[in-house]
Amino acid sequence: MQLQAPKGTRDILPSQTQTWQWVESVARSVFSTYGYQEIRTPIFENTDLFVRGVGDTTDIVEKEMYTFNDKANRSVTLRPEGTAPVVRAVIQNRLLEGASVLKLYYNGRMYRYERPQAGRYREHWQVGVEVFGAAEAAVDAEVIALAHKFYSRLGFKDLTLHLNTIGDRACRPKFVSDLKAFTKARLNQFCQECQGRYERNPLRLFDCKIGCREILSEGPKLLEYLCDSCREHFDAVKRYLKLLGIEFTENPNLVRGMDYYSRTTFEFTAGGLGAQDAIGGGGRYDYLVEELGNKPTPGIGFGLGVDRIILALEAQKFEISPQPPIDVYIAVLGDEAMPIAFQLAEKFRDSQIRTDLEYNGRSLKAQMKTAHKFGVKYVVIIGEDEIKNGAATVRDMESGNQRAVEFDGLGKALKISSQ
RNA sequence: GUGGAUGUAGCUCAGUCGGUAGAGCACUUGACUGUGGAUCAAGUGGUCGUGGGUUCAAAUCCCAUCAUCCACCCCA
């Protein structure tokens, strides 16, 4: 027990990688049907990108980043989220020039220094999309529909979509200042945590789980402060979602953890997950590109947590039937059989037959057991008799039937039989 | 960062009032001279998380520490 992966990290073992590959392939397939192309960005960035992009008063930046100095004393940070790096790459590589709308997706690991818990890791995987250059409500609805389609392709049953709007530059400042004033007048009624939130980021007050929200229910409501264009945008998003038959719950408390959001925010939660039940979320960020130094460009996107998606699928009793790792197992009896088996295995592999063989000279019974455990269709037995006759014994593991096949014709025979 | 629970074989776990370790599964061999899914038997495998302390004697009691899990917080 001395060797151990770092706290909050884990290995994804061969028994699980089939599920992971399947989830990733569904993501690729669904995203590409909406016209998205993949982008891969570095796993670390200059720290400044996240401080400016995500926001210097957010929890992510204040206490959850893996930040360190490299040998030239540059401050770099393992990416805690996917949006800021993609925006950086888009600006740096001028991907917006000559494009009306740009649709990108990514799949990668994120890092946050948090206390590990059920469904919460210090290294976790997200697949996500980002759209640039489209401010219309239809795009908000399409992005949400995309996430929704991904989940339903995976077979999700117990799924809730939470939807909110947090206004824009025109209407949010007034709301925030009124919220601050309201809170200040009752500050001693709020919990310790919320008294800090009041100072740093009042919108986060809506996230309190202890009960401070009850006090706020008497206070200003964001929905009542929305400017006309924000209200119309939000209504349009809802209309489009209804058009597609996608159910949602309006959740005025949905304030997300990055400062870059504006207008639409959303989050998907799944049943059976315990306290960490958000399996994906995102929103619109119409000011982020500008704040990072480019000409103003609207944007919207989401990140979906692959680890939690797989946990939730397991909790919902979903299972993919495991595929055998190989097609053929060669049973080897005696030292003289080894060179023949060794060559045959190479021939099979050249014919795209997935093949493994016995290396340890165990009993035939043990070899058959191994072949059975792998779930192979055929076992090819090479022993004294087979060498003498120049023909291997081929056992069909489903029927139990055996026949002799000359060494030369083996590859072809197996190829045909296994199709 | 704050709480609670738990660390014994590859896996899941048992271990009484302190007397220096067990089961099931898995693995190997055999019953069956070269045949899987069944049965039976034997065998391999453990610094009892780590370091101290108490004791004639510690997996067991005490302290510390590390790790894991769960919750708070936050989020995917």
Side-chain angles (χ1 to χ4, degrees), chain A residues 1-10 13 15 54 58-65 79-83 107-128 147 191-194 196-197 201 204 207-210 254-258 265-270 273-282 302-312 329 331-334 337 358 360-388 392-402:
Chain A
M1 282 298 159
Q2 296 200 326
L3 280 182
Q4 184 126 25
K7 193 182 185 77
T9 70
R10 63 201 182 127
L13 301 173
S15 58
V54 178
T58 59
D59 278 8
I60 289 179
V61 170
E62 273 194 334
K63 47 189 196 191
E64 294 176 2
M65 294 209 301
R79 63 177 177 211
E81 58 99 47
T83 298
N107 171 25
R109 306 170 196 234
M110 308 297 162
Y111 297 85
R112 290 180 202 172
Y113 192 89
E114 296 181 276
R115 198 74 179 265
Q117 194 185 323
R120 189 169 76 188
Y121 306 98
R122 290 184 172 183
E123 177 187 69
H124 74 277
W125 293 77
Q126 281 185 36
V127 294
C191 71
Q192 203 68 29
E193 199 69 32
C194 282
R197 288 187 175 116
N201 203 336
R204 211 58 56 68
D207 237 4
C208 184
K209 289 176 175 117
I210 307 174
L254 180 63
V255 179
R256 296 184 45 79
M258 295 80 166
T265 61
F266 60 93
E267 202 166 281
F268 288 89
T269 56
L273 271 185
Q276 310 302 322
D277 62 352
I279 57 170
F302 62 66
L304 313 181
V306 180
D307 310 71
R308 284 185 192 170
I309 285 169
I310 286 170
L311 286 173
Y329 190 81
V332 184
L333 295 168
E358 170 71 12
N360 290 332
R362 292 134 79 220
S363 67
L364 182 58
K365 187 187 174 92
Q367 299 189 45
M368 296 301 290
K369 260 181 120 165
T370 298
H372 175 74
K373 201 174 68 183
F374 280 147
V376 300
K377 207 154 184 284
Y378 296 102
V379 173
V380 172
I381 301 170
I382 316 275
E384 270 180 43
D385 297 349
E386 285 77 10
I387 295 172
K388 209 185 318 167
T393 300
V394 176
R395 180 181 181 86
D396 182 320
M397 291 298 275
E398 277 159 44
S399 66
N401 295 334
Q402 297 192 176

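We use all heavy atoms of the structure for the numbers below, so side chains are in, but hydrogens, waters and symmetry mates are not. Just so we're on the same page: letters track the sequence lines, and every chain starts at 1.
The side-chain contact (heavy atoms from CB on, under 4.5 Å) test applied to Leu311(A) returns Tyr121(A), Leu273(A), Glu314(A), not counting sequence neighbours. With sequence neighbours left out, Glu81(A) forms a side-chain contact (heavy atoms from CB on, under 4.5 Å) with Phe50(A), Val54(A), Thr83(A), Ala84(A), Pro85(A), Arg112(A), Met258(A), Tyr260(A). Listed by chain and residue number, Thr9(A), Arg109(A), Tyr111(A) satisfy the side-chain contact (heavy atoms from CB on, under 4.5 Å) test with Glu123(A) (two or more places apart in sequence, or in another chain). For Asn107(A), the side-chain contact (heavy atoms from CB on, under 4.5 Å) criterion is met by Glu24(A), Trp125(A), Val127(A), not counting sequence neighbours.
Among the protein residues, Ile279(A) comes within range of the sugar-phosphate backbone only, with heavy atoms under 4.0 Å from sugar or phosphate atoms but none that close to a base.
Between the side-chain ring of His124(A) and the base of rA76(B), a stacking contact exists by the 5.5 Å and 30° definition.
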Letter by letter from the 5' end, nucleotides 26-31 of chain B scores (B base, S sugar-phosphate only, - none; protein heavy atoms under 4.0 Å) -SSSSB

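Distances shown here put a side-chain N or O of Arg256(A) below 4.0 Å from the OP1 or OP2 atom of rA76(B). In this structure, Gln117(A) reaches the rA71(B) phosphate: one of its side-chain N or O atoms is under 4.0 Å from OP1 or OP2.
Atom P of nucleotide rG1(B) and atom CZ of Arg112(A) are separated by 18 Å, given to the nearest angstrom.
Not a single donor-acceptor pair, N or O on each side, falls under 3.5 Å between the base of rC69(B) and the side chain of Arg120(A). For Gln4(A) against rG49(B), a side-chain-to-base donor-acceptor contact under 3.5 Å is absent.
Remark: RNA chain B forms stems of 3 or more consecutive Watson-Crick or G-U wobble pairs, all pair distances under 3.5 Å, at B:1-7 with B:66-72, B:10-13 with B:22-25, B:27-31 with B:39-43, B:49-53 with B:61-65.
Between Phe302(A) and Phe266(A), the ring-plane angle classifies as perpendicular under the 30° and 60° cut-offs.
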